Amino acid sequence: MPAPINAASTARAHSPGSGGSYRPALTLLASLFFMWGFITVINNTLLPHLRSVFELDYTQTTLIESVWFIAYFVASIPSAKLIERIGYQKSIVIGLVVMAAGALLMVPAARIPSYGLVLTALFIIASGITLLQVAANPYVAVIGPPETGSSRLNLVQAFNSLGTTLAPLFAGYLILGRSKGGTAEAGVTLTAAERYADAQSVILPYLIVAAVLILLAVVIARFPLPAIGQATQRVSREDRRSLSLWKHRNLVWGVPAIFIYLIAEIGVANLFINFVSQPDIANITHEQASRYLALLWGGMMVGRFAGSLIMQKIPADKVLAAFAIGAFVVMLLATFTTGPAAMWFLILVGLFHSIMFPTIFTLGIKGLGPLTEEGSGLLIMAIAGGALVVVQGWLADTIGLQMSFLLTAACELYILFYALWGSKPTHALPDQQVV
């Protein structure tokens, strides 16, 4: 991100037709947040499906999601360099096209079927999403008044949660609802022919996803997005020489906060269907469980809309602390209770997780000034923490699926620490704003 800019450079940062307002751009960007949330959460229904098709244990199943999040680690820095070279708008279009290519690769992966090709396709999709994340999150954070950055990012992240809410219904119907493994009772063993037939059920949903991504890429390519970084790029590079990211406590502790939060969020979402399907929890099929997963993500959507309003009155760090305490309590209840109550406690954690990522992100880049771009890249790279969901998969195989959620509870405690102490800025530089 650029350093603080004056009125003249602000005017140059807007393309004709923007009307001097960030709202049209923010509205369009909300569609990006929706789509990458939608595609990411298709994985939550895809994982139990692939576990059945390829006869995977929990460690192998969560390894699929780990590959997804390794892409964030691999692709974040190249994404930041690409944005610097060609700008935000072209980078967003490229990200959408890369995602579409990965979605199309799922077609041959299903026809073979091939576990390795599935992993490759998901890695490509996640790399495209990484490019969108590196571009869109800091863009939203600085495109309006700095004091409402957390509120604004929570608002567009609420549309991300709308996508995550609808995705389990979409994938539950088109993948689990059209497969033998998705409609069978827990513990049923499928024949080789049934597993092969089940593999084909992913083709239609990924073709639909690819078509929508290509359409969105065309729309964004033709939309006059404000160019927020190019007008002052030279000034930013000069300023950076005398500044250090590591003097900013809120960023230094914020990077592990994002990393650890992703372990919590992804662990809950990916193991949800397998957990609630167990006879001693809700005793339902995977297809039915996908509908309850939609409630978990729906809670995140409600929490983000509410958080956007709350943070206009209450400081973001205090709101984050309260939500971290709530998440810790409900995770303990989900771990040590049984029956449908345990399922509902796990659903409730979605409400408390809702504001965590966007709030940690905006607290992490607060006061970075011309270092905002580099800081944003590090925070997005920390999304790779989701790759460590394989640790929870290993715990589920070792000590039991339900007890593995103690790892999630421990993650909530770090978020509480960050809210209370780690998020306090040190050596803060002047806030940036593009209006």
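These numbers were taken from a predicted model, which means no experiment stands behind them. FYI, the numbering just counts along the sequence from 1.
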**Request:** Start with the C-alpha distance between Val93 and Lys90, add both sets of side-chain angles, then the distance that settles side-chain contact (heavy atoms from CB on, under 4.5 Å), and finish with yes or no.
**Result:** CA-CA 5 Å; Val93 172; Lys90 290 180 181 178; 5.6 Å; no
**Message:** Working note: Asn160 + Phe34, criterion side-chain contact (heavy atoms from CB on, under 4.5 Å); need CA distance, chi angles, decisive distance, verdict.
**Reply:** CA-CA 4 Å; Asn160 177 274; Phe34 175 90; over 6 Å; no
**Request:** With side-chain contact (heavy atoms from CB on, under 4.5 Å) as the test, would you mind laying out the steps for Leu395 and Met403 before giving the verdict?
**Result:** CA-CA 8 Å; Leu395 286 174; Met403 294 302 293; over 6 Å; no
**From CA spacing to verdict: side-chain hydrogen bond (donor to acceptor under 3.5 Å, both in side chains), Ser404, Gln392** = CA-CA 6 Å; Ser404 74; Gln392 187 165 356; 3.3 Å; yes
**Verdict with supporting geometry, Ile273 and Ser277, side-chain contact (heavy atoms from CB on, under 4.5 Å)** = CA-CA 6 Å; Ile273 289 177; Ser277 299; 4.1 Å; yes
Which atom pairs, donor and acceptor, lie under 3.5 Å between side-chain atoms of residues 253-268 and protein residues at least two apart or in another chain?
from: Tyr261; atom 1: OH; to: Glu265; atom 2: OE1; distance (Å): 2.3
from: Tyr261; atom 1: OH; to: His353; atom 2: O; distance (Å): 3.3

Do any side-chain atoms of residues 383-391 form donor-acceptor pairs under 3.5 angstrom with protein atoms, and if so which ones, sequence neighbours left out?
none

Show which side-chain atoms of residues 97-108 pair as donor or acceptor with protein atoms under 3.5 Å away, not counting sequence neighbours.
none

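Between the side chain of Asn283 and the backbone N or O of Gln278 there is no donor-acceptor pair closer than 3.5 Å. Gln89 contributes a side-chain N or O that, together with a main-chain N or O of Phe223, makes up a donor-acceptor pair within less than 3.5 Å. Distance alone, capped at 3.5 Å, is enough to place a donor-acceptor pair between the Arg304 side chain and the Gln157 backbone. The closest donor-acceptor contact from the side chain of Tyr418 to the backbone of Ala321 lies at 3.5 Å or more, if one exists at all. Put simply, the side chain of Ser31 gets close to the backbone of Leu28: a donor and an acceptor are under 3.5 Å apart. Listed for the Ser290 side chain is no donor-acceptor partner under 3.5 Å among the backbone atoms of Leu169.
Listed by first and then second residue, the ring-ring contact (aromatic ring centres under 6.0 Å, His included) pairs involving residues 380-416 are Phe275-Phe405, Tyr414-Phe417 (not counting sequence neighbours). A side-chain hydrogen bond (donor to acceptor under 3.5 Å, both in side chains) check over residues 203-225, counting only residues at least two apart or in different chains, returns nothing. Contacts classified as ring-ring contact (aromatic ring centres under 6.0 Å, His included) and involving residues 301-336 (residues at least two apart or in different chains) are given here: Phe159-Phe305.
Taking the six-membered ring where tryptophan is involved, the planes of Trp36 and Phe33 are tilted, since the angle between them lies from 30° to 60°.
Contact record, Ser308 with Leu155: OG-CB, 3.6 Å, taken as the closest heavy-atom pair. When all heavy atoms are compared, the tightest approach of Leu117 to Ser114 is N-OG, 3.1 Å. Closest heavy-atom contact between Ala334 and Gln402: O-NE2, 2.8 Å. Counting all heavy atoms, side chain and backbone alike, Leu401 lies closest to Asn274 at CD2-C, 3.9 Å. When all heavy atoms are compared, the tightest approach of Gly307 to Ile355 is CA-CG2, 3.9 Å. The heavy-atom pair separating Thr337 from Phe345 by the smallest distance is OG1-CD1, 3.7 Å.
Distance check: Ile129 CD1 to Leu122 CG gives 9.5 Å after rounding to the nearest 0.5 Å. Here the CG-CG distance, from Leu346 to Leu293, works out to 9.5 Å after rounding to the nearest 0.5 Å. With rounding to the nearest 0.5 angstrom, the CE atom of Met35 is 10.0 Å from the CG atom of Leu215. Atom CD1 of Ile83 is separated from atom CG of Leu131 by 5.5 Å, given to the nearest 0.5 angstrom. Separating the CG atom in Leu295 from the CE atom in Met343 is a distance of 8.0 Å, to the nearest 0.5 Å. Taken to the nearest 0.5 Å, the CD atom of Gln133 stands 10.5 Å off from the CG atom of Leu32.
Residues Val74 and Phe123 meet the side-chain proximity criterion, which asks for heavy atoms closer than 4.5 Å. When side chains are defined from C-beta on, Lys366 does not count as touching Leu251, because their heavy atoms never get closer than 4.5 Å. Here the side chains of Thr130 and Met381 are not in contact, with every heavy-atom distance at 4.5 Å or above. Between Ile92 and Leu132 there is a side-chain heavy-atom pair separated by less than 4.5 Å. Residues Ile399 and Leu406 have side chains not in contact (no heavy-atom distance under 4.5 Å, counting atoms from C-beta outward). Within the 4.5 Å cutoff, side-chain heavy atoms of Ile39 are placed close to those of Leu213. The shortest side-chain heavy-atom distance between Pro425 and His248 does not fall under the 4.5 Å cut-off. Using a 4.5 Å cut-off on side-chain heavy atoms (C-beta onward), Thr335 and Thr408 make no contact.
The salt bridge (charged side-chain N to carboxylate O under 4.0 Å, His left out) check on Lys424 picks up Asp317, with sequence neighbours excluded. Here Arg291 pairs with Glu287 under the salt bridge (charged side-chain N to carboxylate O under 4.0 Å, His left out) rule; sequence neighbours left out. With sequence neighbours excluded, the residues forming a side chain to side chain donor-acceptor pair (under 3.5 Å) with Thr359 are Asn154, listed by chain and number. Under the side chain to side chain donor-acceptor pair (under 3.5 Å) criterion, Ser127 pairs with no residue, sequence neighbours left out. In terms of the side chain to side chain donor-acceptor pair (under 3.5 Å) criterion, Ser91 has no residue partners (sequence neighbours excluded). Taking Thr164 as the reference, nothing meets the side chain to side chain donor-acceptor pair (under 3.5 Å) condition, with sequence neighbours excluded.
No more than 12 heavy atoms of other residues, nucleotides or ligands sit less than 6.0 Å from atom CZ of Phe73.
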